[in-house]
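As the structure lists them, so they are numbered: ligands from 1, and atoms in each ligand from 1. On a predicted model such as this, the values are computed, not experimentally measured, just so you know.
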Amino acid sequence: MSCSTPSDPSTLVDRFGRRISYVRLSLTDRCDMRCRYCMAEDMVFLPRAEILSHEEIIALAGQLVASGVSRIRLTGGEPLSRRGATDVARGIGALLGHGLDELTLTTNGTFLADHADALWDAGIRRINVSMDSRDPERFRHVTRQGDLARVLGGIAAAKASGFAIKINMVALNGINDDEIAPMFDWCIEQGFDLSLIETMPVGSISEDRSSHFLPLSEAQARIAERHDLVPSTHRTGGPARYWSVPGHASRLGLISPLTQNFCASCNRIRISATGKLYMCLGHDTHVDLRAALRGDDPLALDRLLDQALGAKPERHEFDLSRAATTRHMNATGG
Ligand code: SAM
Ligand code: SF4
């Protein structure tokens with residue numbers, strides 16, 4: 001195993017033979033929402049001084065692409081809550097066609113209307129927007145601080161700009177399970193895909209995640225009562241398994257880390273806004289890239305990537321009765 005060099009752009013391969021081609025890059029751990037399954041209400045964010053600068057993030061993306069990474073997703077925290085997020089997107093977008101095949105974004109939608117055009121200009125064509133309910137009060141309950149009207153406005157603006165949109169919905173038993181089938185109907189109407197996500201024990205929260213856990217097989221069964229679901233070979237580089245509906249463009253994606261382990265085909269790593277590279281969503285092990293990014297040894301980053309690949313765990317060991325990690329999902333963006 002070896003990590004790549006710019007002249008050998010195809011060998012980001014871990015010790016289990018998995019090729020790493022996809023990076024989730026967190027622009028910030030901060031967020032305007034406090035989704036109950038994601039973080040605590042009194043979440044403490046990282047000191048701003050520890051966050052990588054725009055230039056450092058763009059340079060890091062360049063080095064990752066030179067090492068064989070072909071897809072980057074900007075995430076957070078809420079990526080669009082970072083001032084200059086679209087400048088970073090533009091800087092990374094300049095790599096499209098030069099080793100980078102796709103730049104995407106996951107957002108909660110609050111600031112999407114303000115930035116949709118700039119994101120398009122940066123070269124982004126697909127956006128995932130997280131929305132767990134279309135009922136304003138329920139949305140407020142789940143996010144503690146979210147404003148559904150702004151999110152819907154952001155989605156409408158992104159649709160008008162031409163983006164392919166996927167709605168991310170964490171399936172929560174007793175909270176939004178009755179909205180799952182209607183959400184898919186709405187996505188079909190709008191021409192969006194829908195990805196359902198099982199709640200994962202990443203970081204401690206005040207609530208018991210197991211009490212709201214919904215296996216996605218149940219969610220799928222509810223949708224199948226209304227629609228003919230046909231297994232699809234569609235892949236977006238992520239862990240979702242897709243179903244299509246004859247006569248409609250919209251697809252249903254299921255991300256089931258608890259009930260359908262997909263670690264054997266894992267192709268990704270995650271980098272926090274401070275430059276910590278996490279090899280697995282379900283583990284705290286990481287290597288810190290920040291000093292290498294700030295130093296003058298041109299090979300330091302390659303060495304750290306090698307170290308990370310050698311330490312990438314085989315799989316997560318999620319168990320809803322305990323948090324698998326000390327960090328929360330907002331550190332690495334899911
Ligand atoms: N703030 C942005 C957003 O919400 O889309 C990007 C970051 S957020 C951490 C990325 C995705 O992770 C969202 O779709 C969110 O619903 C999901 N997520 C957060 N915590 C989760 C958890 N504990 N289990 C499953 N999904 C989670
Ligand atoms: Fe913020 Fe996204 Fe976490 Fe919700 S899921 S609190 S929007 S980072």
request  = Have a look at Gly203, Gly334, Gly77 and point out the one with the heavy atom closest to atom 8 (S) of ligand 2.
outcome  = Gly77
request  = Sort out for me which residue in Asn261, Thr199, Leu258 forms a side-chain contact (heavy atoms from CB on, under 4.5 Å) with Phe318.
outcome  =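 Exactly one pass, corresponding to Leu258.
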key: Arg138/Asp178 ion pair, N-O < 4.0 Å   = yes
ask   = Quick one: do Asp284 and Arg327 make a salt bridge, cutoff under 4.0 Å?
value = yes
query = Between Trp120 and Phe163, how do the two ring planes meet: parallel, tilted or perpendicular, split at 30° and 60°?
reply = perpendicular
key: Residues in side chain to side chain donor-acceptor pair (under 3.5 Å) contact with Asp42, at least two apart in sequence or another chain   = none
All side chain to side chain donor-acceptor pair (under 3.5 Å) counterparts of Ser272, not counting sequence neighbours =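 Counting only residues at least two positions away or on another chain, Ser272 forms a side chain to side chain donor-acceptor pair (under 3.5 Å) with Thr274.
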key: Contact residues of ligand 1, where a non-hydrogen atom lies under 4.0 Å away   =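 If the criterion is a heavy atom under 4.0 Å, then ligand 1 touches Tyr37, Cys38, Thr75, Gly76, Gly77, Glu78, Thr106, Thr107, Asn108, Ser130, Asn168, Val170, Ile197, Glu198, Thr199, Met200, Arg209, Met329, Gly333.
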ask   = Do Leu281 and Leu74 belong to the same hydrophobic cluster, where Ile, Leu, Val, Met, Phe, Trp and Tyr are linked whenever their side-chain heavy atoms lie under 4.5 Å apart, directly or via other members?
value =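 The answer is no; the residues belong to distinct hydrophobic clusters.
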ask   = For the hydrophobic clusters of this structure (ILVMFWY residues joined by side-chain heavy atoms under 4.5 Å, transitively), does one cluster hold both Leu305 and Leu95?
value = yes
Arg73/Tyr22 under side chain to side chain donor-acceptor pair (under 3.5 Å): CA gap, chis, key distance, verdict = CA-CA 8 Å; Arg73 176 172 292 278; Tyr22 180 21; 2.9 Å; yes
remark   = A correct count of protein N/O/S atoms found below 2.8 Å of atom 4 (Fe) of ligand 2 gives 1
message = Ring centres under 6.0 Å, that's the criterion: do Phe184 and His227 meet it?
response =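 Yes.
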